[in-house]
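Worksheet: one structure, shown below.
Counting from 1, the numbers follow the sequence of the chain as shown.
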Amino acid sequence: MPRKSTYPTPTDQSSLCLQYLGRCGGSARLGSIKFSLSVIQTLVNQRKVKISNTGTGFFVELEDAK
């Protein structure tokens, strides 16, 4: 019988989205992100990312990126 893992596994991909934004320099165009909007909304609610309108499109930016 297989053993159950004692470590929690994240069911959402919010950590992967944060890693992706970190590799992109801290911001990415909202239309180019392949993560679901619910993942992005979760990160906005947790105040880890913010959405900004630059006039040329919407960008998702890490909160601590300056």
Side-chain angles (χ1 to χ4, degrees):
M1 182 186 318
R3 296 173 62 185
K4 290 185 179 180
S5 174
T6 58
Y7 299 104
T9 56
T11 55
D12 65 324
Q13 298 182 348
S14 58
S15 62
L16 293 175
C17 185
L18 289 173
Q19 289 176 4
Y20 174 77
L21 288 172
R23 286 191 307 265
C24 290
S27 68
R29 188 179 286 268
L30 184 60
S32 69
I33 295 179
K34 301 299 180 197
F35 295 98
S36 69
L37 292 178
S38 63
V39 169
I40 296 169
Q41 183 64 49
T42 301
L43 292 173
V44 169
N45 290 345
Q46 294 173 354
R47 297 183 190 267
K48 294 185 178 181
V49 299
K50 63 181 176 180
I51 307 292
S52 63
N53 185 1
T54 61
T56 59
F58 290 93
F59 283 83
V60 179
E61 300 176 345
L62 292 174
E63 274 293 328
D64 55 355
K66 294 192 169 87

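If you take CG on L16 and NZ on K34, they are separated by 16.0 Å, rounding to the nearest 0.5 Å. For the atom pair NZ (K48) and CG (L21), the distance works out to 12.0 Å, reported to the nearest 0.5 Å. Between atom CD of residue Q41 and atom CD1 of residue I51 there is a gap of 8.0 Å, rounded to the nearest 0.5 Å. Interatomic distance, CZ of F35 versus CG of L30, reported as 12.5 Å (0.5 Å rounding).
Grouping the Ile, Leu, Val, Met, Phe, Trp and Tyr side chains by contacts below 4.5 angstrom, directly or via other members, places F59 apart from V44. Put simply, L37 and Y20 are part of the same group of oily side chains (I, L, V, M, F, W, Y) that touch within less than 4.5 Å, one to the next.
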Check against side chain to side chain contact (heavy atoms under 4.5 Å, CB included), L18 and V49: CA-CA 8 Å; L18 289 173; V49 299; 4.0 Å; yes

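Residues E61 and S27 come closest through the heavy atom pair CG-CB, 3.5 Å. Residues S14 and V39 approach most closely at CA-CG1, 3.7 Å, considering heavy atoms. Of all the heavy atoms in R47 and E63, the pair that sits closest is O-CG, 3.2 Å.
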